[in-house]
There are 2 protein chains.
Amino acid sequence: MATIKDVARAANVSIATVSRVLNNKSGFSEDTRKAVEEAIEELGYVPNGVARGLISKRTNTIGLLVPALSSMLVSEMVSGIERIVHEQGSSLIVCHTESNGKKTMQYLQLLLAKQVDGIIFTSGVLLQEYYQMIERSGIPLVLLSTESLHLPVPSVKVNDRLASFHATEYMIQHGHKKIGMISGNRNDMIAGVPRVEGFRMALSSHQIHFEESMIASHRGFSYIDGATAFRKLMTDHPDITAIVAASDDMALGMISEAFKMGIKIPEQVSVIGYDNIPICNVSIPPLTTISQPVAKMGEVAAKMVLDMIHGDEKQESVVFPHEIIERQSVKKMN
Amino acid sequence: MATIKDVARAANVSIATVSRVLNNKSGFSEDTRKAVEEAIEELGYVPNGVARGLISKRTNTIGLLVPALSSMLVSEMVSGIERIVHEQGSSLIVCHTESNGKKTMQYLQLLLAKQVDGIIFTSGVLLQEYYQMIERSGIPLVLLSTESLHLPVPSVKVNDRLASFHATEYMIQHGHKKIGMISGNRNDMIAGVPRVEGFRMALSSHQIHFEESMIASHRGFSYIDGATAFRKLMTDHPDITAIVAASDDMALGMISEAFKMGIKIPEQVSVIGYDNIPICNVSIPPLTTISQPVAKMGEVAAKMVLDMIHGDEKQESVVFPHEIIERQSVKKMN
DNA sequence: ATATTTAGAGTAAACGTTTACTCAATTAAA
DNA sequence: TTTAATTGAGTAAACGTTTACTCTAAATAT
């Protein structure tokens with residue numbers, strides 16, 4: 001590959017001059033610009049970003065850490081982030097941590113070694129261990145779809161507890177009295193705990209009787225988790241008429257399972273999902289769900305790190321409003 | 001951030017020695033190793049990959065170019081690639097070209113500037129222009145889910161024409177005589193042309209009457225494209241009993257549209273998809289489809305570039321077998 | 001005992017840029 | 001005209017590593 005030296009030689013100037021025209025830095029005549037540009041064209045020269053990075057201390061790369069999530073959700077999130085990041089001439093390294101601490105530490109090490117300019121950490125708990133590592137490296141960090149109560153890290157998220165509260169209340173407003181929840185991993189601090197909490201709060205604030213067994217949880221937030229949780233729920237509580245699901249994937253799995261069990265949605269059982277992934281539009285029936293503006297959130301998070309990189313010290317955390325997208329999976333009871 | 005100099009100072013040795021223990025290169029005593037390792041620990045030192053890259057000419061980064069595809073498909077593909085790439089201590093930069101020539105060139109420029117060690121190009125036509133740029137840079141390249149007839153670039157793919165042929169034949173074997181196709185962009189050299197060809201060949205080799213209007217196409221390969229194409233097809237040919245779809249997304253959109261139109265799947269119309277994305281398991285009815293082992297293919301493509309990077313000059317192209325995954329969207333006619 | 005090998009460690013060049021500094025020549029000001 | 005400012009361009013240091021080369025002292029061979 002051609003280097004700046006080759007260009008300099010071909011254009012009969014010093015490398016400093018080449019560098020100047022490359023960066024539009026003034027200090028050269030129109031003639032030399034021509035000569036240099038021709039040489040560049042001729043040689044197909046592309047400046048070496050690694051060398052540039054070494055001296056500028058900027059790699060124009062930002063790192064993204066995601067745990068195992070619904071692939072559609074991740075896609076949307078990433079595409080929002082990517083759009084902004086690329087707009088600014090940077091690129092993105094995505095690391096799937098699978099919520100695994102050891103793996104996360106490894107990736108973190110990798111990102112630091114790669115000298116990324118910033119890090120976005122999504123949808124998981126920011127352990128002290130992670131934070132320290134990032135903190136001491138001085139790399140800007142923002143949290144997406146998660147937050148940290150004691151650590152001073154800006155975040156972009158939705159109020160999960162409230163969203164879940166509303167989802168449940170939506171069922172209540174539609175006349176449902178026997179409402180079950182299919183939760184993912186109930187210990188998940190992000191998508192588990194708060195959503196369960198919101199569910200319980202809604203029931204209790206409407207004085208609806210609640211039993212622990214009306215929340216069925218399984219390992220994760222996927223189709224099968226939804227399917228199995230639903231089956232469990234229906235054997236324990238055959239009189240349930242509405243389900244609040246902790247993710248769209250779970251809701252979809254549940255709908256499929258209901259179909260197999262001969263249960264009609266929404267005629268016999270209503271369901272509301274969570275995430276509003278694109279496929280909700282074409283499920284049968286189309287899925288009523290809580291929408292998190294994931295793509296938008298990704299964009300904002302990306303802008304935040306970028307701003308921090310450009311020197312805007314502290315960013316304000318933002319919590320995005322959620323929204324109930326009404327489709328046809330919830331029946332009005334009367 | 002601490003540099004190797006800081007470590008050297010703290011451990012009272014030269015930077016060369018630090019480098020040696022870092023790389024296990026011999027030429028130091030057990031005592032100095034201890035001292036150096038302590039200093040590293042103490043300072044939280046992480047070797048600067050940029051500096052390393054400058055001298056080693058390796059960035060441990062590989063670039064991936066993908067056009068706009070079903071997000072689930074991309075996710076699977078990427079996850080296969082990522083697994084392998086990360087196993088080898090490298091990382092991945094994903095670039096969404098949206099099948100846009102200008103954007104692709106920009107990304108290519110970016111990847112070259114970043115000095116990626118290798119490039120995987122997916123699911124699109126490798127233009128001469130792209131090839132030249134990569135070729136002159138000397139960066140190893142492999143094609144995934146696409147191929148180049150005249151350019152000497154190894155590829156990993158499935159035989160689309162044959163797969164589509166089989167999908168169609170599957171319908172014929174199930175007794176269908178009036179078979180329509182919903183194709184995506186018919187000019188798409190990868191997922192358009194060959195799949196349409198396979199469809200036509202299957203019909204003609206079974207002496208089934210064919211009209212152009214039995215292939216409905218729309219812009220792309222998404223839900224709505226499937227839905228609109230299906231509606232068009234059914235108004236033109238209300239007697240169709242089977243549909244071959246060019247993607248699962250299209251099939252899913254079509255199923256949803258059929259539901260709205262009061263058409264029962266598979267009782268009235270059967271459908272076979274293409275891709276076998278995870279959601280096929282939980283659609284209603286579960287979708288019979290052509291499976292491409294995308295994750296596996298991604299892995300193999302990744303291994304290929306990696307091997308090329310490590311000096312294994314030319315790799316053999318591989319075409320993966322497809323498979324028909326029988327679920328419940330095709331009815332047996334008698 | 002001397003000569004030779006080896007282990008441990010340091011010095012400095014190189015990787016491909018950017019940039020502070022220098023300098024000559026031209027232009028503008030006095 | 002002399003002086004000062006400006007323009008165009010080169011030289012060399014720096015960024016943080018790796019590595020070829022060198023050197024000393026200890027260990028081994030003769």
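Every chain is numbered from 1 and lettered A, B, ... according to where its sequence line falls, protein lines coming before strand lines.
At the heavy-atom level, A/T32 lies under 4.0 Å from the strands shown only through sugar-phosphate atoms.
Contacts classified as salt bridge (Lys or Arg N to Asp or Glu O under 4.0 Å) and involving residues 92-117 of chain A (residues at least two apart or in different chains) are given here: A/E98-A/K103.
For A/S14 and D/dT11, the shortest distance from a side-chain N or O to OP1 or OP2 is not below 4.0 Å.
Residues that satisfy the ring pair (Phe, Tyr, Trp, His ring centres under 6.0 Å) test with B/H96, not counting sequence neighbours, are absent from this structure. Residues satisfying the salt bridge (charged side-chain N to carboxylate O under 4.0 Å, His left out) criterion with B/D275, sequence neighbours excluded, are absent altogether. Not counting sequence neighbours, A/T122 has no partner by the side-chain hydrogen bond (donor to acceptor under 3.5 Å, both in side chains) test. Partners of A/Q132 under the side-chain contact (heavy atoms from CB on, under 4.5 Å) rule, at least two apart in sequence or in another chain, are A/Q128. Every ring pair (Phe, Tyr, Trp, His ring centres under 6.0 Å) that A/Y130 has, sequence neighbours left out, goes to A/F121.
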Practice item. Could you encode protein contacts along nucleotides 13-19 of chain C as a string, one character per nucleotide from 5' to 3', using B for base contact, S for sugar-phosphate-only contact and - for no contact, with a heavy-atom cut-off of under 4.0 Å? Key: --BBBBB
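Between B/F28 atom CZ and D/dA25 atom C1' there is a gap of 19 Å when expressed in whole angstrom units.
Comparing the axis of the opening five pairs of the helix from C/dA1-D/dT30 to C/dA30-D/dT1 with that of the closing five pairs yields an angle of 50°, rounded to 10°.
In this structure, A/L141 and A/M308 have side chains that are not in contact, with every pair of non-hydrogen atoms separated by 4.5 Å or more.
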Donor-acceptor pairs under 3.5 angstrom involving side-chain atoms of residues 143-152 of chain B: please list them, not counting sequence neighbours.
| residue | atom | partner | partner atom | Å |
| --- | --- | --- | --- | --- |
| B/T146 | OG1 | B/G124 | O | 2.7 |
| B/E147 | OE2 | B/K157 | NZ | 3.4 |
| B/S148 | OG | B/L151 | N | 3.2 |

